[in-house]
Amino acid sequence: MNQTAVPFDGRARYEALMDVVRNRMTSRAFDGSHVVPREHYELILEAARHAPSGANAQPWHFIVVTEPELKTRIMECFRDEQIQRAKLKMKFPTPDYRGLATAPGFIVVASDFRWAKAFPVLNEGSALDAMYKENAERILLQSVAVATMAAHLAAASLGYGVWWVTAIGQRLAQEAMKPLLGIPDPLSVLDIMCFGPPAKPPYKRFKKELSEIVNWNRFDPAHFMSDAEIDEWIATGRHRIMYRDAAKVD
Ligand SMILES: Cc1cc2nc3c(=O)[nH]c(=O)nc-3n(C[C@H](O)[C@H](O)[C@H](O)COP(=O)(O)O)c2cc1C
């Protein structure tokens, strides 16, 4: 069927979509004995391929990791980063990243910030150019995120639990990880997508109500949080809504 022929009242299609959207839930430990068929990787990345992107630049690369020793080496990069954070007393709730090593599905998502040149920039080094470049990087990140989300939803539609992992974007961590996968230097690893049958039943996490996030015509001042409220949320609320499973604060 031609896209334009889809009726606006396609409620059944909406419900089918929402069934996947609602039931996409983060899992951080998987049944390590499960083998993801190659076809599933292709189905999942086929969804990513159709994502929209700024200037239709499609600035993404997906590296499917199937070798167990590679997964373990990458997991160790996360553990090192976790130790580093603990030393820095960052106080960010940290999950158990050992689940990475046994994740049946493992896709590294990379991008190349040089693509920012494809978006509106002056490229002449001025302060104005810097402002446009800042936005160009946001366009790039949004583009890769939207493709990654499509992949997560496709994996969820196949019945997998999914795990979006960004904890390792820092330069030093990248330097350790990129050579393992032969990723050329100008590229950056933006996140890792893990998926598989969950080791324990996934649970639905807290989501804000529609009325808390939607504004009509004007931003609702009641939605604005003060600095103190945000600090309070970080101090007392964040860890409770992030994890009900293996969380420790470091
Ligand atoms: C951009 C982004 C970055 C994330 N980074 C991490 C991460 O580094 N480690 C992690 O364990 N979970 C990470 N997550 C997963 C979130 O913690 C999770 O989506 C959130 O707690 C809501 O739970 P839900 O996915 O079950 O709705 C990330 C999710 C997104 C979208």
Legend entry - Gap separating the CZ atom of Phe62 from the CE atom of Met193, nearest 0.5 angstrom: 9.0 Å
Legend entry - Trace of the side-chain contact (heavy atoms from CB on, under 4.5 Å) decision for Val64 with Leu45: CA-CA 10 Å; Val64 175; Leu45 293 174; 3.8 Å; yes
Inset, instruction - Please assess Glu69 against Arg73 for the test salt bridge (charged side-chain N to carboxylate O under 4.0 Å, His left out), listing each intermediate value before the final yes or no. - result: CA-CA 6 Å; Glu69 57 277 17; Arg73 296 282 298 278; over 6 Å; no
Legend entry - Separation between CD of Glu46 and CD1 of Ile44, rounded to the nearest 0.5 Å: 12.0 Å
Inset, instruction - Kindly determine whether Arg38 and Glu42 satisfy salt bridge (charged side-chain N to carboxylate O under 4.0 Å, His left out), including the steps that lead there. - result: CA-CA 6 Å; Arg38 192 183 174 95; Glu42 288 167 354; 3.4 Å; yes
Inset, instruction - Inspect the surroundings of CZ in Phe113 and state if more than 12 heavy atoms from other residues, nucleotides or ligands are less than 6.0 Å away. - result: yes
Legend entry - Inter-residue atom distance Met75.CE - Thr102.OG1, 0.5 Å rounding: 8.0 Å
Inset, instruction - Ignoring hydrogens and angles, state whether a donor on the side chain of Lys133 or Asn123 is under 3.5 Å from an acceptor on the partner side chain. - result: yes
Legend entry - Partner of Thr166 under side-chain contact (heavy atoms from CB on, under 4.5 Å), chosen from Asp191, Ile192, Leu190: Asp191
Inset, instruction - For this output row, return yes or no: ring centroids of Tyr41 and Phe195 closer than 6.0 angstrom. - result: yes
Inset, instruction - Flag the pair Cys194 / Leu100 as yes when at least one side-chain heavy-atom distance between them is below 4.5 Å, and no otherwise. - result: yes
Inset, instruction - Kindly indicate, with the supporting measurements, whether the criterion side chain to side chain donor-acceptor pair (under 3.5 Å) is fulfilled by Glu209 and Ser211. - result: CA-CA 5 Å; Glu209 294 299 329; Ser211 58; 5.6 Å; no
Legend entry - ILVMFWY cluster, Val109 and Val36 together (side-chain gap under 4.5 Å): yes
Inset, instruction - Report the residue from Asn23, Leu17, Val21 that forms a side-chain contact (heavy atoms from CB on, under 4.5 Å) with Asp19. - result: Asn23
Legend entry - Same apolar cluster (I L V M F W Y, side chains within < 4.5 Å links), Met177/Ile183: yes
Inset, instruction - Determine whether Phe119 and Leu140 make a side-chain contact, defined as any pair of heavy atoms from C-beta on separated by less than 4.5 Å. - result: yes
Legend entry - Heavy-atom closest contact (Gln174 atom, Leu187 atom, distance): OE1-O, 4.4 Å
Inset, instruction - Could you tell me whether Arg171 and Glu175 have a side-chain N and a carboxylate O separated by less than 4.0 Å? - result: yes
Inset, instruction - Determine the interplanar angle of the Phe219 and His223 rings, folded into 0 to 90°, and report it as parallel if under 30°, tilted if 30 to 60°, perpendicular if over 60°. - result: perpendicular
Inset, instruction - Give the minimum heavy-atom separation between Gly161 and Phe30, together with the two atoms involved. - result: O-CE2, 3.4 Å
Inset, instruction - Find the distance between NZ (Lys178) and CD1 (Ile63) and round it off to the nearest 0.5 Å. - result: 10.5 Å
Legend entry - Reported CD-to-CD distance for the pair Glu137 and Gln142, which is rounded to 0.5 angstrom: 12.5 Å
Inset, instruction - Give a yes or no on whether the ring-centroid distance for Trp163 and Tyr97 is below 6.0 angstrom. - result: yes
Legend entry - Pair Asp80-Gln82, side-chain donor/acceptor within less than 3.5 Å: no
Legend entry - Asp220 side, atom CG; Asn215 side, atom CG - distance, nearest 0.5 Å: 6.0 Å
Legend entry - Closest approach of Leu180 to Cys77 (non-hydrogen atoms, all atoms of both residues): CD1-SG, 4.3 Å
